[in-house]
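Worksheet: one structure, shown below.
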Amino acid sequence: MDEELRSLMDRVRGEARDGAGAGTGAGADAGAGGLAAYERLFATEDLDELALVLTEAERPLWARETAAFRLGCAGDRRAFETLVLLLNHRDPERCVTAAYALARLGDPRTARAAAALATNPLRTAYALHPVRLLTELRAPETVPALIATLRGLLAPANPHWRVALACVEGLGKLRDARARPVLEAALGHPRLTAAASAALSRLA
């Protein structure tokens with residue numbers, strides 16, 4: 001079994017068991033209903049059934065996440081909107097799951113969406129996984145988005161240094177000479193110095 005799928009199954013089982021997926025009833029009945037829905041979502045091979053979960057009223061978040069993940073990994077673009085929403089979620093584990101599925105979805109809109117999330121200054125706290133996804137995609141949008149995001153994070157005492165570090169590491173992997181000025185600027189930030197130096201040494 002795919003490790004990311006196994007991780008998702010382990011994580012959402014508790015949410016289902018707590019009754020988040022029952023839709024009706026409460027207590028033990030709700031928990032039983034949630035576990036039944038959980039088992040069904042991971043057992044079915046019907047992509048139309050999974051897609052319906054994304055639009056049905058009162059479906060819990062864990063069920064939508066599961067359906068979107070399975071659809072995304074199957075290359076079904078009906079999962080795109082839900083996965084993009086999850087990519088920018090406050091829960092990092094949901095972001096990881098969404099990024100994994102989006103990288104396998106093969107939708108040409110993915111890089112543009114990830115770039116928009118990464119460069120949005122109002123959502124910088126949640127930009128780590130969009131940045132990492134952009135690096136994995138290696139799309140035309142990737143380098144400009146990483147440069148723009150990193151440039152906005154080089155102010156003194158910026159709290160989002162992990163996002164900045166992901167940008168530096170991503171630019172080093174991509175080896176694009178356009179990143180040289182912003183990487184040189186990053187050298188002056190103690191938490192970024194080593195990664196920026198390594199990235200600069202790899203530029204074309």
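This chain uses plain numbering: 1 for the first residue, then up along the sequence. Everything quoted here is computed from the prediction, not taken from an experiment. These values consider heavy atoms only, across backbone and side chains, with no hydrogens, waters or symmetry-generated copies.
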Geometric cation-pi criterion Arg109 and Phe80, 6.0 Å radius, 45° cone: yes
Rounded at 0.5 Å granularity, tell me how far CZ in Arg162 sits from CZ in Arg191. 7.0 Å
Salt bridge check, Arg11 against Glu65: does any charged N sit closer than 4.0 Å to a carboxylate O? yes
Are His189 and Trp161 close enough that some pair of their side-chain heavy atoms sits under 4.5 Å apart? no
Are Leu85 and Leu87 connected in a single hydrophobic cluster, I mean Ile/Leu/Val/Met/Phe/Trp/Tyr linked by side-chain heavy atoms less than 4.5 Å apart? no
Measure across Leu133 and Ala114 and return the closest heavy-atom pair with its distance rounded to 0.1 Å. CD2-CB, 4.2 Å
Hey, are Glu49 and Arg70 close enough for a salt bridge, meaning a charged N less than 4.0 Å from a carboxylate O? no
Apply side-chain contact (heavy atoms from CB on, under 4.5 Å) to the pair Leu35 and Arg13, showing each step before the final yes or no. CA-CA 7 Å; Leu35 285 175; Arg13 182 178 176 83; 4.2 Å; yes
Could you tell me the separation between the OH atom of Tyr126 and the CG atom of Asn88, rounded to the nearest 0.5 Å? 8.5 Å
Evaluate the criterion side-chain contact (heavy atoms from CB on, under 4.5 Å) for residue pair Leu128 and Arg132; output intermediate values, then yes/no. CA-CA 6 Å; Leu128 179 62; Arg132 289 176 175 170; 3.7 Å; yes
Would you give the length of the straight line joining atom CG of Leu117 to atom CZ of Arg112, rounded to the nearest 0.5 angstrom? 13.0 Å
Would you mind telling me which of Val131, Val182, Leu134, Leu183 makes a side chain to side chain contact (heavy atoms under 4.5 Å, CB included) with Cys167? Val131
Smallest separation among heavy atoms of Leu41 and Thr66, with atom names: CB-CG2, 4.0 Å
Honestly curious: do Leu47 and Leu52 fall in one hydrophobic cluster under the side-chain, below-4.5 Å linking rule? no
Would His89 and Leu61 count as a side-chain contact (heavy atoms from CB on, under 4.5 Å) here? Give the steps. CA-CA 11 Å; His89 197 272; Leu61 181 59; 3.6 Å; yes
Quick one: does any side-chain atom of Asp176 pair with a main-chain N or O of Ala179 as donor and acceptor, under 3.5 Å? no
Hydrophobic cluster membership, with links at side-chain heavy-atom distances under 4.5 Å among I/L/V/M/F/W/Y: are Val12 and Val53 in one? yes
Can you list the steps and then say if Leu8 with Glu93 is a side-chain contact (heavy atoms from CB on, under 4.5 Å)? CA-CA 9 Å; Leu8 175 63; Glu93 291 182 317; over 6 Å; no
Cation-pi check, Arg104 onto Tyr100 ring (under 6.0 Å, within 45° of axis): yes
Among the clusters formed by ILVMFWY side chains lying less than 4.5 Å apart, do Trp62 and Leu54 turn up in the same one? yes
Would you give the length of the straight line joining atom OG1 of Thr97 to atom NE2 of His129, rounded to the nearest 0.5 angstrom? 9.5 Å
In short, Ala199 meets Gly172 closest at the heavy-atom pair CB-CA, 3.5 Å
How far apart are the closest heavy atoms of Thr82 and Arg64, and which atoms are they? CG2-O, 4.1 Å
Which heavy atom of Leu165 sits nearest a heavy atom of Ala195, and at what distance? CD1-CB, 3.5 Å
I need the minimum non-hydrogen distance between Arg77 and Gly106, along with the two atoms involved. NH2-O, 2.9 Å
So among Val168, Leu187, Leu192, which one has a side chain to side chain contact (heavy atoms under 4.5 Å, CB included) with Ser197? Leu187
Who are the side chain to side chain donor-acceptor pair (under 3.5 Å) partners of Asp48, not counting sequence neighbours? Arg78
Using a 3.5 Å cut-off and no angle test, enumerate the donor-acceptor pairs between side-chain atoms of residues 145-158 and protein atoms at least two apart in sequence or in another chain.
{"from": "Thr149", "atom 1": "OG1", "to": "Ala118", "atom 2": "O", "distance (Å)": "3.2"}
{"from": "Thr149", "atom 1": "OG1", "to": "Ala145", "atom 2": "O", "distance (Å)": "2.8"}
{"from": "Asn158", "atom 1": "OD1", "to": "His160", "atom 2": "N", "distance (Å)": "2.9"}

For the CG atom of Leu83 and the CG atom of Leu86, what is their distance to the nearest 0.5 Å? 6.5 Å
Can you tell me how far CG of Asp107 sits from CG of Leu102, rounded to the nearest 0.5 angstrom? 8.5 Å
Taking the side chain from Thr119 and the backbone from Ala115, do they hold a donor-acceptor pair closer than 3.5 Å? yes
